[in-house]
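Sequential numbering from 1 along the given sequence is applied to the chain's residues.
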Amino acid sequence: MGRRNRNKILVPEARQGLDQLKAKVAGTTNPEQAKYEIAEEIGVPLKEGYNGKLTSEEAGKVGGRLGGNMVKELVRMAQENLKNK
(Lines give C-alpha, C1' and ligand atoms only; values in the text may rest on other atoms or scores of the structure.)
Protein backbone atom coordinates (compact mmCIF):
# COMPACT_ATOMS: atom_id res chain seq x y z
CA MET A 1 0.00 0.00 0.00
CA GLY A 2 1.46 3.41 -0.98
CA ARG A 3 1.85 6.37 1.29
CA ARG A 4 -0.75 9.11 0.97
CA ASN A 5 0.06 12.74 1.55
CA ARG A 6 -3.07 14.21 3.06
CA ASN A 7 -1.44 17.62 3.44
CA LYS A 8 -1.73 18.58 -0.21
CA ILE A 9 -2.00 22.32 -0.72
CA LEU A 10 -5.18 23.06 -2.62
CA VAL A 11 -3.82 26.37 -3.94
CA PRO A 12 -0.20 25.79 -5.00
CA GLU A 13 0.35 29.54 -5.25
CA ALA A 14 -0.06 29.69 -1.46
CA ARG A 15 3.12 27.65 -0.79
CA GLN A 16 5.36 30.70 -0.26
CA GLY A 17 2.91 32.32 2.14
CA LEU A 18 2.49 29.10 4.12
CA ASP A 19 6.26 28.68 4.34
CA GLN A 20 6.59 32.24 5.66
CA LEU A 21 3.87 31.56 8.24
CA LYS A 22 5.59 28.34 9.32
CA ALA A 23 8.86 30.20 9.87
CA LYS A 24 7.08 32.99 11.74
CA VAL A 25 5.32 30.71 14.24
CA ALA A 26 8.55 28.76 14.82
CA GLY A 27 10.53 31.93 15.44
CA THR A 28 12.97 31.43 12.59
CA THR A 29 13.58 33.00 9.20
CA ASN A 30 13.97 29.69 7.36
CA PRO A 31 10.85 27.50 6.99
CA GLU A 32 13.07 24.43 6.54
CA GLN A 33 14.43 24.96 10.07
CA ALA A 34 10.98 25.41 11.65
CA LYS A 35 10.50 21.78 12.68
CA TYR A 36 13.95 21.68 14.29
CA GLU A 37 13.22 24.83 16.28
CA ILE A 38 9.93 23.40 17.55
CA ALA A 39 11.56 20.05 18.35
CA GLU A 40 14.25 21.80 20.38
CA GLU A 41 11.62 23.83 22.29
CA ILE A 42 9.72 20.72 23.35
CA GLY A 43 12.73 18.48 23.92
CA VAL A 44 12.33 16.08 21.00
CA PRO A 45 15.70 14.84 19.63
CA LEU A 46 14.93 15.60 15.97
CA LYS A 47 17.97 15.95 13.73
CA GLU A 48 18.59 16.35 10.03
CA GLY A 49 18.65 13.09 8.14
CA TYR A 50 17.33 9.77 9.42
CA ASN A 51 15.16 9.93 12.54
CA GLY A 52 14.08 6.30 12.79
CA LYS A 53 14.59 6.25 16.54
CA LEU A 54 11.84 8.84 17.11
CA THR A 55 8.59 7.48 18.40
CA SER A 56 5.32 8.28 16.69
CA GLU A 57 4.40 10.31 19.75
CA GLU A 58 7.54 12.46 19.49
CA ALA A 59 7.07 13.06 15.77
CA GLY A 60 3.41 13.92 16.35
CA LYS A 61 4.33 16.43 19.04
CA VAL A 62 6.53 18.33 16.60
CA GLY A 63 4.01 18.31 13.76
CA GLY A 64 1.09 19.02 16.06
CA ARG A 65 2.78 21.98 17.71
CA LEU A 66 3.83 23.48 14.39
CA GLY A 67 0.48 22.91 12.66
CA GLY A 68 -1.51 24.02 15.70
CA ASN A 69 0.45 27.25 15.98
CA MET A 70 -0.05 27.91 12.27
CA VAL A 71 -3.82 27.46 12.61
CA LYS A 72 -3.94 29.74 15.66
CA GLU A 73 -2.05 32.44 13.76
CA LEU A 74 -4.34 32.10 10.72
CA VAL A 75 -7.42 32.46 12.96
CA ARG A 76 -5.87 35.50 14.67
CA MET A 77 -5.14 37.08 11.26
CA ALA A 78 -8.71 36.41 10.05
CA GLN A 79 -10.19 37.93 13.22
CA GLU A 80 -7.99 41.01 12.83
CA ASN A 81 -9.03 41.30 9.19
CA LEU A 82 -12.74 41.11 10.11
CA LYS A 83 -12.30 43.66 12.88
CA ASN A 84 -10.67 46.13 10.47
CA LYS A 85 -13.50 45.94 7.93
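- A distance of 7.0 Å separates CG in Asp19 from CD1 in Ile9, rounded to the nearest 0.5 Å.
- Contact record, Leu21 with Met70: CD2-O, 3.9 Å, taken as the closest heavy-atom pair.
- Counting Ile, Leu, Val, Met, Phe, Trp and Tyr side chains that sit under 4.5 Å apart, directly or through other members, Val71 shares a hydrophobic cluster with Val75.
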Show me the donor-acceptor pairs, under 3.5 Å and distance only, between side chains in residues 25-39 and residues at least two apart or in other chains.
{"residue": "Thr28", "atom": "OG1", "partner": "Asn30", "partner atom": "N", "Å": "3.4"}
{"residue": "Asn30", "atom": "OD1", "partner": "Glu32", "partner atom": "N", "Å": "2.9"}

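- Residues that satisfy the side chain to side chain contact (heavy atoms under 4.5 Å, CB included) test with Glu57, not counting sequence neighbours, are Thr55, Lys61.
- Residues passing the salt bridge (charged side-chain N to carboxylate O under 4.0 Å, His left out) test with Glu80, sequence neighbours excluded: Lys83.
- Between the NZ atom of Lys22 and the CG atom of Asn69 there is a distance of 13.0 Å, given to the nearest 0.5 Å.
- Surrounding CD of Glu41 are more than 12 heavy atoms belonging to other residues, nucleotides or ligands, all under 6.0 Å away.
- Every side-chain hydrogen bond (donor to acceptor under 3.5 Å, both in side chains) that Lys24 has, sequence neighbours left out, goes to Glu73.
- Pro12 is linked by a side chain to side chain contact (heavy atoms under 4.5 Å, CB included) to nothing, counting only residues two or more places apart in sequence or in another chain.
- Here the NZ-NZ distance, from Lys47 to Lys53, works out to 9.0 Å after rounding to the nearest 0.5 Å.
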